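Report on the following structure.
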Number of protein chains: 2
Amino acid sequence: MCIPMSLNNRTNTLLERKKSFTKDTVLVDEGSAFKKFFIIHSGAVKTYVTVNGIEQINGFYLPGDIVGFDSIATQKYNNSIKTLTNTITCELKYDELMELVASDAKVRDMIFKLMSQDILNYQKLILSYSQKKAEEKLAAFIYALYTRYSERGHVSLNIKLSMSRSDIANYLGLTIETVSRILTRMQELDVLSVRGKYISIKNLLALYKLAAENN
Amino acid sequence: MCIPMSLNNRTNTLLERKKSFTKDTVLVDEGSAFKKFFIIHSGAVKTYVTVNGIEQINGFYLPGDIVGFDSIATQKYNNSIKTLTNTITCELKYDELMELVASDAKVRDMIFKLMSQDILNYQKLILSYSQKKAEEKLAAFIYALYTRYSERGHVSLNIKLSMSRSDIANYLGLTIETVSRILTRMQELDVLSVRGKYISIKNLLALYKLAAENN
DNA sequence: CGTCGGGTTGAATGCCCTCAATACCCGTGG
DNA sequence: CCACGGGTATTGAGGGCATTCAACCCGACG
């Protein structure tokens, strides 16, 4: 199953067969014509824009996430999409989804809800990243990874980062050195234990407090 | 007319009559039940959450803007809404809009497009505020005000800020002193001229460059 | 065993914040 | 008309956090 919520059978027929990609594959180039949404089945992707040759990461998408809602307005992909690891996606054609939206109230409500949730998440992210200090940002980032996996049924204190330090720093608007330093500090505080891409949360409440997630 | 795009006649009947509010009126309290969208007809509002008694501003809405898309998912208002000046709004009931969405493809497409545009704007905002320095943030903020007014037909280099310095600082994640200092610096550079709440853009291109708006 | 890319650690600079004082705006009342 | 007061905005000095620049570490891989 690819879609986050259970739908009727017709949706499944709209979902193109799963496609498999190796690490560092560019699925979409920024600016190209919008045709379909990507639903992450396994693995992870990042979305980014390139400004003056510099990549600016917009978001990371994990299993269950849908990429592409921002493209409806412009009918173009506003970001490039690249796999971070080997990744399996389902693809959902925009035109076909819209037909289904027109005919099936349940699908329509689900899409509205997903888009609304997207907006809400972005709002929180903006608050997060405009108000927080570096340590709070990183704590919030890791805590968010934990909750995102949890919501999808993968409740585990052990997280494998699919993105590099450099990607994290870029996304959070920090430097790679700062990210590294904060990770070691959190380790000294016994909040996390870090081994390369593997993070183990040792004190979830402390992490939550570091993130200053008061809402 | 309240709605940004022209719709059919039935939409107009759904729009409740205009309502007028004085400055600093709370239209909505965070967490209350979601009933309707607010469309800004004239004036301005801010949306904000209150965390530990501290207000965190989420966005400013100007004439033509619609407030409330983030509430569909939760069926609650996720932000409080307060007028910044005397403001006239139209109110659009959620249930009624959804009925119209079901029956009228044009309305549905418009709502999808508006929500998608919202998502896109938030994405840009996140990039903006996670990557930019203080001066770039403020320049981007002012430039965005200019373009937002322009898109709505108010093309003018003279902008009246409806929000206080303190609101701007809060929104951008800066301090009021920093905002003030940067405004005077931009004045010294002959990019702007500032007199209280009135800003006059003297060099739009320079402002754009300061904002590092390379996309 | 050497190299290369990613990651960590260290010292110095700079940007923005904090704290504090002063200036400005504007409505009110003398 | 001017004086006054309160809130808002500006300006100045000092400190802290994140960046920059640089060196070093480490695991993967030929």
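Everything numeric in this text was worked out from a predicted model, so none of it was measured.
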Practice problem: Pull out every residue in residues 156-165 of chain B that has a heavy atom closer than 4.0 Å to any atom of DNA chain D, ordered by number, or say none. | Solution: B:Ser164, B:Arg165
Quiz item: If you walk 5' to 3' along DNA chain C, what is the first nucleotide with an atom under 4.0 Å of a heavy atom in chain B, and what is the last?
Solution: C:dC16 to C:dA20
Quiz item: Just by modelled atom types, is the A:Val194 backbone N or O under 3.5 Å from a matching donor or acceptor in the A:Gln187 side chain?
Solution: yes
Practice problem: Not counting sequence neighbours, which residues clear ring pair (Phe, Tyr, Trp, His ring centres under 6.0 Å) with A:Tyr143? List them please. | Solution: A:Tyr208
Exercise. Look at the rings of B:Phe38 and B:Tyr77 and say which category their plane angle falls in: under 30° parallel, 30 to 60° tilted, over 60° perpendicular.
Key: tilted
Practice problem: Please name all residues satisfying ring pair (Phe, Tyr, Trp, His ring centres under 6.0 Å) with B:Tyr61, sequence neighbours left out, ordered by chain then number. | Solution: none
Quiz item: Under the ring pair (Phe, Tyr, Trp, His ring centres under 6.0 Å) test, which residues partner A:Phe21, sequence neighbours left out?
Solution: none
Quiz prompt | side-chain contact (heavy atoms from CB on, under 4.5 Å) partners for A:Lys76, two or more places apart | solution = A:Thr74
Quiz prompt | Strand contacts (DNA chain D) in residues 169-183 of chain B, 4.0 angstrom heavy-atom criterion | solution = B:Glu177, B:Ser180, B:Arg181
Practice problem: In whole angstrom, give the distance that lies between atom CD1 of B:Ile199 and atom C1' of D:dA9. | Solution: 13 Å
Quiz prompt | Listed partners of A:Asn86 passing side-chain hydrogen bond (donor to acceptor under 3.5 Å, both in side chains), at least two apart | solution = none
Self-check item: A:Glu135: partners by salt bridge (charged side-chain N to carboxylate O under 4.0 Å, His left out), with sequence neighbours left out
Solution: A:Arg185
Quiz item: Of A:Lys36, A:Lys35, A:Lys18, which meets salt bridge (Lys or Arg N to Asp or Glu O under 4.0 Å) against A:Glu91?
Solution: A:Lys36
Quiz item: For B:Lys197, does its backbone N or O pair with a side-chain atom of B:Lys160 as donor and acceptor, under 3.5 Å?
Solution: no
Practice problem: Would you please confirm or rule out a distance under 4.0 Å between OP1 or OP2 of D:dA9 and any side-chain N or O of B:Lys197? | Solution: yes
Shorter than 3.5 Å, N or O on both sides, protein versus nucleotides 24-27 of chain D: list them out with atom names.
none

Quiz item: By salt bridge (charged side-chain N to carboxylate O under 4.0 Å, His left out), which residues pair with A:Lys46, not counting sequence neighbours?
Solution: A:Glu55, A:Asp167
Quiz item: When the distance from CG of B:Leu84 to P of D:dT8 is rounded to whole Å, what number comes out?
Solution: 13 Å
Practice problem: Might you work through the side-chain contact (heavy atoms from CB on, under 4.5 Å) test for B:Phe69 and A:Ser116, ending with a clear yes or no? | Solution: CA-CA 6 Å; B:Phe69 283 135; A:Ser116 175; 5.7 Å; no
Self-check item: Sequence-distant partners of B:Tyr171, ring pair (Phe, Tyr, Trp, His ring centres under 6.0 Å), two or more places apart
Solution: B:Phe60, B:Tyr129, B:Phe141
